[in-house]
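Below you'll find the structure, written out as structure tokens, and then a few comments.
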Amino acid sequence: MRILYFAWVKQRIGVGEEELSPPPEVRDVAGLIDWLAGRSPGHAEAFANRKTIRAAVNQDFAGPDHPVAAGDEVAFFPPVTGG
Amino acid sequence: MRILYFAWVKQRIGVGEEELSPPPEVRDVAGLIDWLAGRSPGHAEAFANRKTIRAAVNQDFAGPDHPVAAGDEVAFFPPVTGG
Amino acid sequence: MTPRIAIQEAPFDLAAETARLTAGRQDVGGLASFVGLCRADDGLAAMVLEHYPGMTERAIARIAAEAADRWPLLGLTVIHRVGRVEPGAPIVLVLTASAHRTAALESCAFLIDWLKTGAPFWKREEFEGGAERWVEAKAADDAAAARWKPA
Amino acid sequence: MTPRIAIQEAPFDLAAETARLTAGRQDVGGLASFVGLCRADDGLAAMVLEHYPGMTERAIARIAAEAADRWPLLGLTVIHRVGRVEPGAPIVLVLTASAHRTAALESCAFLIDWLKTGAPFWKREEFEGGAERWVEAKAADDAAAARWKPA
């Protein structure tokens with residue numbers, strides 16, 4: 001699974017991209033966040049306030065219940081501020 | 001009184017501007033139209049359908065009841081089509 | 001904020017007009033523009049625009065002042081061409097600048113809606129073959145202008 | 001109508017983009033544009049824009065297709081800059097062309113409202129003195145985008 005981070009999520013974690021194989025019990029976005037938050041203090045800090053985190057699965061916005069699977073591209077970032 | 005005509009009102013009357021002294025019983029825009037319509041066949045044709053005529057007195061849009069007096073600039077024209 | 005209002009035969013330069021509202025300043029966050037162009041409907045050869053010199057400038061200045069009163073504008077430009085305009089050529093430009101996008105977008109729409117119904121311009125269409133026709137006012141334009149009236 | 005969508009570091013040229021939508025054609029009656037610029041609020045030294053390559057283009061293409069579905073558009077351009085932008089410089093351009101003004105004006109407002117809330121860009125502010133801050137999403141932007149949702 002390809003995991004991407006943007007903006008301050010990326011700054012806190014320290015990398016913009018990771019190639020990871022979460023265990024089979026990680027089935028959705030919320031489960032993936034729980035698992036990622038345990039990987040390092042930076043990950044824990046990035047995911048400390050779930051309300052400020054948005055996700056995309058395969059480049060579409062996705063809610064916490066959205067399924068994730070091996071081979072997916074999953075991105076985490078703050079609410080967008082373009083325009 | 002300075003009378004101005006624009007667009008097809010001007011084309012029908014044949015001039016864009018007249019300097020006229022209406023009689024004292026001409027007190028408002030509607031009365032002025034009645035009086036002007038009797039001046040020539042072109043005037044009569046221009047003012048034949050009052051619903052299609054708009055007026056301005058001293059460069060502000062004015063309804064049929066708006067007073068007119070010596071020294072005023074009064075203009076007649078079709079509904080505007082700018083922009 | 002002094003509105004720039006011009007009635008002219010010459011074409012206008014959108015880039016130059018935009019630069020005029022933003023050059024040397026850092027407080028403009030949004031710039032909205034509308035350009036109205038002459039379409040070649042039904043074999044149109046040219047559009048000839050007439051106006052009421054004096055009243056036109058007064059009417060547009062009043063509309064511009066109303067826009068500046070309703071929205072926090074940092075710049076406002078209205079340029080309306082008169083005379084002969086060929087298909088594909090621009091006729092009118094409205095340009096508004098503000099710190100925020102909503103004020104710029106709304107005031108731009110307000111101004112072009114009002115120009116259609118509140119400024120003394122008249123359009124005559126000339127067709128291939130020599131026929132001509134005065135453009136008639138549209139009820140839809142009155143309705144568009146009316147939606148800006150305070151409740 | 002193929003939308004033109006570009007994500008780029010370089011500034012854009014409003015006159016060239018306008019010409020691209022209108023040159024050689026006589027069916028465009030209205031051209032609406034919005035340019036968002038970088039304001040120098042609170043001693044801002046620069047804005048740094050990051051985005052999600054791939055998803056950005058997909059998200060904007062989807063929004064552009066929705067606009068083309070809702071309004072009879074003859075042209076649509078969205079250019080969004082990324083990287084470092086200094087105060088006074090343009091960040092985003094939305095340009096829409098249609099036979100009539102309402103379609104151009106409404107679709108332009110729709111697109112910029114959606115870009116604020118539906119495209120994966122993030123802005124970091126750098127201040128004189130070295131402080132920096134990520135721009136926070138605004139509830140007002142969510143509300144502006146929500147008003148376009150079909151009832």
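Reminder, nothing fancy here: chain letters follow the sequence lines and each chain counts from 1.
Contact annotation for residues 6-30 of chain C against chain B (heavy-atom separation below 4.5 Å): no residues qualify. Close approach to chain B, defined as a heavy atom under 4.5 Å from one of its heavy atoms, is seen in K123(C), R124(C) of residues 123-131 of chain C, taken by number. By a heavy-atom distance cut of under 4.5 Å, H80(C), I91(C), V92(C) are the residues of residues 73-106 of chain C near chain B, going up by number.
Shortest non-hydrogen contact noted between V135(C) and T81(B) is O-CG2, 3.3 Å. Looking at every heavy atom in both residues, T117(C) comes nearest to V80(B) through O-CG2, 3.3 Å.
Within a 6.0 Å sphere centred on CD of E136(C), other residues, nucleotides and ligands contribute 12 heavy atoms or fewer. For CZ of R39(B), the number of neighbouring non-hydrogen atoms (other residues, nucleotides, ligands) closer than 6.0 Å is greater than 12.
Put simply, the side chain of M55(C) reaches to within 4.5 Å of the side chain of F61(B), judged on heavy atoms.
For L49(C), no part sits under 4.5 Å from any heavy atom of chain B, backbone or side chain.
Here F6(B) pairs with Y52(C), W122(C) under the ring-ring contact (aromatic ring centres under 6.0 Å, His included) rule; sequence neighbours left out.
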- Message: One pair to check against side chain to side chain contact (heavy atoms under 4.5 Å, CB included): Q11(B) and E132(C). What are the steps and the verdict?
- Response: CA-CA 12 Å; Q11(B) 285 183 325; E132(C) 61 169 62; 3.4 Å; yes

